[in-house]
Amino acid sequence: MGVQFPDLKTLESTANAIGTNMFEGFEPTFKSIELIRDYVLEKITFAEFIKFAKEKAYV
């Protein structure tokens, strides 16, 4: 989807999180991948992650 990752470890961690949720019907978007990546990189807190999810900022 064109989202850039700083390293392979971050890519794998993000892919694992997304893959797990796809089994439950989650369909990733560019923004949702960025959001998960930023959480994995600790650029945003868990509270911010939840806030963005509730606001549907990932769409």
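Throughout, numbering of the chain's residues begins at 1 and tracks the sequence.
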Test your reading of the model: is there a side-chain donor-acceptor pair from T10 to the backbone of P6, 3.5 Å cut-off?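 Flag not set: sc T10 to bb P6 has no pair under 3.5 Å.
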
When you measure from the side chain of R37 to the backbone of Q4, do you find a donor-acceptor pair of N or O atoms at a distance under 3.5 Å?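 Yes: the side chain of R37 pairs with the backbone of Q4.
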
Not counting sequence neighbours, which residues clear side chain to side chain contact (heavy atoms under 4.5 Å, CB included) with [X]? List them please.
{"X": "K51", "answer": "E55"}
{"X": "T45", "answer": "A47, E48"}
{"X": "Y39", "answer": "I44, F46, F49"}
{"X": "K54", "answer": "I50"}

Using distance only, find each side-chain donor-acceptor pair of residues 17-27 under 3.5 Å and give its atom names and separation, not counting sequence neighbours.
{"from": "T20", "atom 1": "OG1", "to": "N16", "atom 2": "O", "distance (Å)": "2.8"}
{"from": "N21", "atom 1": "ND2", "to": "A17", "atom 2": "O", "distance (Å)": "2.8"}

Can you list the residues that meet the side-chain hydrogen bond (donor to acceptor under 3.5 Å, both in side chains) rule with T14, with sequence neighbours excluded?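 For T14 there are no side-chain hydrogen bond (donor to acceptor under 3.5 Å, both in side chains) partners, ignoring immediate neighbours.
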
Just so I know, are the side chains of I33 and I36 near enough to count as touching, which here means a heavy-atom distance under 4.5 Å?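 No, side chains not in contact.
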
For the residue pair F5 and V3, establish whether any side-chain heavy-atom pair is separated by less than 4.5 Å.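 In short, these two side chains touch, coming nearer than 4.5 Å.
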
Which distance, rounded to the nearest 0.5 Å, do you find between the NZ of K9 and the CG of L41?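 Taking NZ in K9 and CG in L41, the distance rounds to 10.5 Å.
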
What's the separation between atom CD in E34 and atom NZ in K43, rounded to the nearest 0.5 Å?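 One finds 9.5 Å between CD of E34 and NZ of K43.
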
